[in-house]
Each structure stands twice: as C-alpha cells, then as structure tokens.
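Working notes, beginning with the structure itself.
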Amino acid sequence: MSPEDPLKIMRHSTAHIMAQAVQELYPEIKISIGPAIENGFYYDFDRDEPFRPEDIERIEARMVEIIKADLPFTCSNISKKEAYNLFKERDERYKLELLDEIKEDTVTIYKQGSFIDLCRGPHLSSTGKVKAFKLLSIAGSYWRGDEKNKMLQRIYGTSFPSKEELDDYLNRIEEAKRRDHRRLGKDLDLFSMDDEIGSGLINWHPNGAMTRSVIENFWRDEHYKNGYQIVYSPHIAKVNLWHTSGHWDFYRDNMYSPMDIDGTDYIIKPMNCPFHIKIYKNRLRSYRELPIRWAELGTVYRYERSGVLHGLLRVRGFTQDDAHIFCLSDQLNEEISRVLDFTLYILRSFGFMEYEVHLSTRPDKYVGSVKNWEKATEALESAIKRSGLCYNIDHGEGVFYGPKIDVKIKDSIGRSWQCSTIQVDFNLPEQFAITYIGEDGGAHQPIMIHRALMGSLERFFGCLIEHYAGAFPLWLSPFQVILLPITDSQIPYSNRIVEELKRHTFRVDIDSRNEKLGLKIREAQLRKIPYMLIIGDREVKSNTVSVRKRGDNDLGSMEMEKLIYMMKEEIESKGVV
RNA sequence: GCUGGUGUAGCUCAAUGGUAGAGCAGCUGAUUUGUAAUCAGCAGGUUGUAGGUUCAAGCCCUAUCACCAGCUCCA
C-alpha cells in the first residue's frame, strides 16, 4: 500500500478522528502516534487509566458525531519552532520528542476541529468522508516499540468506504477464527496441551501423530533422494559443549537450567548443530567427501517468554527438520541453490504456494570476515533470483554468525510465521575448529550451512491445519476412508472391505454403531474424512461400495478396484493442483 | 516479561452475594435405519489453584497458574 492509497488515507484519517474523540472525552490523555496498518489503523495514547469496553463505546459514539459534523481536515506548513511551541503549549511530550528528530526546518500539521496532530498526511478533505468504521480492540504497546519505555494504551480499529465492505471484513475475521488451528486441533482431536505438563509443550494425539508420521516419512524419503544422510543425536549434553559453540554466551536466557549428572552440568539441547559437528569431527575428513549433508528430525527445547506462546505456532519444545551441510567454498553457490529449490519443492508439496521470502544481511555485531559475509550473502541472493521469487532484503537483520534466507507462511488471520530458514554459519566451524584435508594435503575450514525446511514440525503442522481448515488432502489425512454400514447385517462385508483397504495401506475406519446413516455421514463429514463408503444391501449384493467424497459429492457405486486406483492417483498427486 | 481481558461438566455457554443449570458429547435401553443430527432414561462439578472479607462467595479482595489479544522477543 503506497502512502497515497485512498484506503490508507481514509484509515489514517479515521485514526485522527479517533484521537480527537479520545482527547475530547479524556482531556488528560497525551497522544503519540496513529498510523494506518494493513487492515485498519491504531492510535497510541498515554493515559493512567486503561481503556475499558465502555470507553470504546463512548469513543465510537463521539466519533460518529465528529464524522456527522463533517469537519474539514486542514493542513499547514509551519516552522519547526512554531510547531515546538504549539505542542509545548498543549503539553504533548511525545510530539515534542518526535519533533526533535525531524531534520527539516518546516513541518506539516493537520487539524480537524479541536484536534491538531504533527503529521505528514495526506488526509481526507473532511471527517464526513469516513463511511464505515469500527474500533476492534485495546492493547498495550511500548512507546517506540521499546520495552524499556512506558507502556501506552493502543486502540485498534478499521474503516472502509462502505458498510458492506466493513461487514465483509468482520465476517472474514469470524471465518478465520473457524480455521484457527487451536480450535481445529480440539475439534479434530489432533493435539493438546495440559496445565500439569506445562506451557508450550505439545501432546500429539493419534490423529495428529498419524499426519505427523506421514510428513516425517515423506521428509525422510525426499532427503534421501536429495543426497542427505539421516543422523540422530542425544537430547542432552554437557554444558561445556554449549560453551564451545558459543550458544551459552549468546542465548543463555533461552536455554533451560543445567542438571547435575555425577557432578557435571548437562543441559537439554536448544539446537542440534553441535552434535552434527561432533559427528563431523569424529574422524578426519577429506575434501573428496564434501559436500556432506546430514539431516535430523531433532527435538529441541527453548525457553520462550510466557506471553509469546501461541498454540502450535510458538512453543517451548519442538522438533526441527534440521540439516547441516559442510561444503567447500566453491560448492557454496550450488549448495544454496539446491537447498532453496528443495525448500520450495517441499513447501509446494504441502500446498503452500504463497509465502514471504526475506534475505537478512550482516548486522552490526558479527563474526567472520566482511569478505566472507559478502560472498555468502551474494550466494543467497543469487539463489533467490534464480528461483524467480520476490523477496525483501532485511538490512542488518542477519544473525551474528551469518546471513540467512527466511521463508514465512501466513496463518488464517494474516500473521506470518517463519518456517524455512537457510543460514550460512561462520561461527561454529571456527569455534569447533573443523577442517578437511584438501587436495594440497593441508587442513582447511569447510563452510557450514544450517537449514530447516519446515522449521518445526509443530509450527508447520499448525500452519497446515489452518491452510486446509482441517480438511487435509488425502495423503495427509489421519483417516482416509470410513466405512458406513447401514445396518448390522452389512458389517461382515464392510469388515472385509476394511481389510482390503488396509492391505493397500489406506488408513481406514469403520462406523458400525447402531445409528442412522444421516448421523454417520454428518459425523464423518465433521471429522473431515476424505472418503465415506456407504454399504447397504445393494452394495453387498453387487460387490461394490457407494462412494461419497468429503464436501458433498455422491460419486455413486463403484468397484473396489476402481476406488483404490482413484485414491492412489490422488495420493500420488498430493491433491496439489 | 509487559498492558488488558478471560477461567463454571469432555465441549459451547447460563446462574442480583442466598439450593450451581442448559444444549451437545458420554453411559443405558428401545429403534435396524440409504447420503449432514431417531427417541427415552441415567450420570456428570472442591466453579483454575491458595488465602482472605462475609451469617453466607461462582460472584467481592489478595496472591498465583493457565489461556486469549496486543507489545517486546524469537539462535
């Protein structure tokens, strides 16, 4: 959205109207900033009393009056000095702080009614141009986003050119709630968390675990095909290992406390890399062996602050689909390209076609040489370019040990979550002094690439649930087929069908309860099972099954052979069109 | 971690400071059923936890835990 986007202008103006209403109702508050954002706007206020739902109603009512009054928005250029005096007089200390940082000699201020704001604009011509708005939520937010600063009160809202569009948006929010993975995780009996176990720790139920095991098997097969070898490593290690790696110094706050074993401190692992490095170092390595690609579904534990935990998307214990590539300098480009292609292949296999790609470059605090950073960053960027993806460069956002590519997937309400990451690491090879023997007979340091395609299985599964709204494609569905005998007398025949499907490795269930067909169909539908096979006397006599596909499609009766062929085709294609 | 909100049956939710209730799910029985809910009966609770105020607390107060929204953070 450009600053001139009409919707953005209207939302920004609505934010000003809200600020006016707030200031008129609560003269003691101080205003700070209030921009338009992706789906609306917010304004941050400094007020000792928190806003309550009743306040929101009052503010909305006042806003309606302001809009009705159709006050003009007027813009004026004044000198910085004048602006300083103006906001000084109004005791708007946040505005004064902002003014201090403006380099130009003149600034623009916008005014409507009694309200004046330091603002670049542009705005609507008058308040009456706002046709439909709603205040959505109240939240705390730190002044200038810094947790050392005072926490302000933020009010979120949105506005649209018409009532219909606003209602449409509100409906979409409701719709999104229905595909929330936490809701569906409960409804479909996929996973749970428990107070007595602890926050951010996931129990995978049989249904969720079935899908997870399908994902893991697919992952392993594809890694084998792509030249990786699978490794396994322990869950705990001596704390000294983490001193060597440097993690203890940098990430102590996110690591769990040591436990004493025979007088030595051990900690539960927050990463897998040091273990893979130790496998590398277990014997002398030759340049002829490189690149080495080692992958592991490694379960790690990290302390996350209580307020950030979120269903499966942000947890304290998770399994990374981790891998480390050790390669020669002149293999770097090729390896990064391969990893990126592999990443996209995996994401597309799961039906994710839209994501954000970020390239993060050298931060202020870094290890390694500038030359190496540049080389690695170029390798990453050219791989993205070759893939044809759009990407953003996050300058200085790289980790201290190397540049990285992140791929993010969006959840049902538009929040994006990092899944894939490809990182070059200049730190660990140095810390652990890993080498290979080169053609020249001398020892050299290999380049290390750290990568995760799905990121964590927990987060990936959460995104997957929301992406499909719980209706997984056939290959991922916990149950693929359910048999629905109409009466007891078809149970023996149905059981034979179950056995036949199981022989073909389908995941199959049978509903042989003494219930009406309508109920069985309803419940199978709610369980989002892709295929329902209805078995009545007709089917038994003709040695067929009546096939109903999830959704609403009665496909009519069918020979088993045909059904099995059809489903195998569908599994093969992964349901990705 | 911070700001605010919410915790009542497996789930979704009721209940002026005065006897904790409904629907669905569960169990039992009847019904043998043809493409999204058959009927009846039964059972289900230390109201997140620990204190406190009160003659009396699901409701008020304090602490604590968890969850929700946002902020900050995310190797």
Practice prompt. Nearest 0.5 Å please: distance from the CD atom of A:Glu430 over to the CD atom of A:Gln445.
Written response: 5.0 Å
Worksheet item: Which listed nucleotide (B:A75, B:U38, B:G5) is nearest to the side chain of A:Lys516?
Response: B:U38
Worksheet item: Using a cut-off of 4.0 Å on non-hydrogen atoms, how would the nucleic acid contact of A:Gly307 be classed: base, sugar-phosphate, or nothing?
Response: base
Worksheet entry | Closest listed nucleotide, where the reference is the side chain of A:Glu147 and the choices are B:A36, B:C68, B:G1 | B:G1
Discussion item. Need one value for A:Tyr42: base, sugar-phosphate or nothing, where a base atom within 4.0 Å counts as base even if backbone is also close, heavy atoms only.
Written reply: nothing
Practice prompt. Determine the interatomic distance between C1' on B:C65 and the same-named atom on B:G48; round to the nearest Å.
Written response: 7 Å
Discussion item. Using the P atom as the point on both nucleotides, what is the distance between B:C42 and B:G34, in whole Å?
Written reply: 29 Å
Worksheet entry | Nearest-nucleotide pick for A:Lys404, side chain only, options being B:A75, B:U38, B:C11 | B:A75
Item to complete: Measure from CD on A:Gln418 to P on B:C74 and round the result to the nearest Å.
Response: 11 Å
Worksheet, complete the sentence: If pairing means Watson-Crick or G-U wobble with both distances under 3.5 Å, then the partner of B:G26 is B:C42
Discussion item. From CD1 of A:Ile521 over to P of B:A37, roughly how many Å is that when rounded to an integer?
Written reply: 9 Å
Worksheet item: Rounded to whole angstroms, how far apart are CZ on A:Arg154 and P on B:U3?
Response: 16 Å
Practice prompt. Looking at every strand, decide which applies to A:Gly145 at a 4.0 Å heavy-atom threshold: base, sugar-phosphate, or nothing.
Written response: sugar-phosphate
Fill in: Candidate nucleotides B:G1, B:A75, B:A37, ranked by approach to the side chain of A:Asn254 - the nearest
B:A75
Worksheet item: Hey, what do you get for CZ (A:Phe479) to CG (A:Asp509), rounding to the nearest 0.5 Å?
Response: 4.0 Å
Item to complete: Mind calculating the distance between CG (A:Leu484) and C1' (B:U32) to the nearest angstrom?
Response: 15 Å
Discussion item. What contact category does A:Glu196 fall into here, base, sugar-phosphate, or nothing, at under 4.0 angstrom with non-hydrogen atoms?
Written reply: nothing
Discussion item. Side chain of A:Leu517, heavy atoms from C-beta onward: which of B:U35, B:A75, B:U32 has the nearest atom to it?
Written reply: B:U35
Worksheet item: Which base, if any, makes a Watson-Crick or G-U wobble pair with B:G58, both distances under 3.5 Å?
Response: none
Worksheet item: Base, sugar-phosphate, or nothing for A:Arg513, non-hydrogen atoms under 4.0 angstrom?
Response: nothing
Response to the item:
Looking only at B:C74, B:U72, B:G34, the nucleotide nearest the A:Tyr142 side chain is B:U72
Fill in: Pairwise P distance, B:U6 and B:A75 [rounded to whole Å]
34 Å
Fill in: Nearest-angstrom distance, C1' atom, B:U8 to B:G70
27 Å
Worksheet item: Contact class for A:Tyr251 vs. all strands (heavy atom < 4.0 Å): base, sugar-phosphate, or nothing?
Response: base
Worksheet item: Considering Watson-Crick and G-U wobble pairs with both distances under 3.5 Å, what does B:A20 pair with?
Response: none
Worksheet item: In the strands shown, is B:U32 matched to any nucleotide by a Watson-Crick or G-U wobble pair with both distances under 3.5 Å, and which?
Response: none
Discussion item. Taking the P atom in each of B:C59 and B:C74, what is the distance between them to the nearest angstrom?
Written reply: 40 Å
Fill in: Side-chain H-bond candidate by donor/acceptor type, A:Tyr94 with A:Asp44, under 3.5 Å
no
Response to the item:
Looking only at B:A75, B:C68, B:C71, the nucleotide nearest the A:Val308 side chain is B:C71
Worksheet item: Please walk me through it: do A:Phe318 and A:Leu312 pass side-chain contact (heavy atoms from CB on, under 4.5 Å)?
Response: CA-CA 9 Å; A:Phe318 56 97; A:Leu312 291 177; over 6 Å; no
Discussion item. When you compare the side chains of A:Tyr401 and A:Gln431, does any donor N or O come within less than 3.5 Å of an acceptor on the partner?
Written reply: no
Worksheet entry | Given B:U35, B:C2, B:U12, the nucleotide with the shortest approach to the side chain of A:Lys186 | B:U12
Practice prompt. Name the closest nucleotide to the A:Pro270 side chain, picking from B:A69, B:G34, B:A75.
Written response: B:A75
Response to the item:
Among the nucleotides B:A36, B:U3, B:A69, whichever has the atom closest to the side chain of A:Arg522 is B:A36
Response to the item:
A:His310 NE2 to B:C68 P, in whole Å, measures 7 Å
Worksheet item: Given that both distances must come in under 3.5 Å, which nucleotide forms a Watson-Crick or G-U wobble pair with B:U6?
Response: B:A66
Worksheet item: Taking atom P in both B:U16 and B:U38, what distance in whole Å separates the two?
Response: 35 Å
Practice prompt. Whole angstrom is fine here: how far is it from CG in A:Leu526 over to P in B:A37?
Written response: 10 Å
Item to complete: Once you apply the 3.5 Å cut-off to both distances, tell me the Watson-Crick or G-U wobble partner of B:C71, or none.
Response: B:G1
Fill in: Separation between the P atoms of B:A40 and B:G23, rounded to whole Å
11 Å
Practice prompt. Before giving the answer on side chain to side chain donor-acceptor pair (under 3.5 Å), spell out for A:Gln423 and A:His450 the whole-Å C-alpha distance, their side-chain angles and the decisive distance to 0.1 Å.
Written response: CA-CA 5 Å; A:Gln423 313 182 342; A:His450 169 114; 4.6 Å; no
Worksheet item: Taking any strand in view, what nucleotide pairs with B:A14 in a Watson-Crick or G-U wobble way, both distances under 3.5 Å?
Response: none
Worksheet item: Is a side-chain donor-acceptor pair under 3.5 Å present for A:Ser233 with A:His276?
Response: no
Fill in: Distance-only donor-acceptor test (3.5 Å): side chain A:Gln490, base B:G34
no
Discussion item. Using a 4.0 Å heavy-atom cut-off, does A:Ser546 contact any base of the nucleic acid, only the sugar-phosphate backbone, or nothing at all?
Written reply: base
Worksheet item: Short question: side chain of A:Gln490, backbone of A:Thr487 - any donor-acceptor pair under 3.5 Å?
Response: yes
Worksheet item: Honestly, is A:Lys281 close enough over A:Phe432, meaning NZ or CZ under 6.0 Å from the six-membered ring centre and within 45° of the axis?
Response: no
Item to complete: Select base, sugar-phosphate, or nothing to describe what A:Thr487 touches, counting heavy atoms under 4.0 Å on all strands.
Response: base
Practice prompt. Would you mind reading off the distance between A:Ile409 atom CD1 and B:C74 atom P, rounded to a whole angstrom?
Written response: 21 Å
Practice prompt. May I ask you to say what A:Tyr156 touches in the nucleic acid, namely base, sugar-phosphate or nothing, with a heavy-atom cut-off under 4.0 Å?
Written response: sugar-phosphate
Fill in: Phosphate contact (B:A36 OP1 or OP2) by A:Arg548 side-chain N/O below 4.0 Å
yes
Worksheet item: Quick one: A:Trp143 CH2 to B:U72 P, roughly how many Å, whole number?
Response: 13 Å
Item to complete: Could you check whether A:Arg314 gets within reach of a base, just the sugar-phosphate, or nothing at all, counting any heavy atom under 4.0 Å?
Response: base
Worksheet item: For atom C1', what is the distance between B:C13 and B:G17, given to the nearest Å?
Response: 22 Å
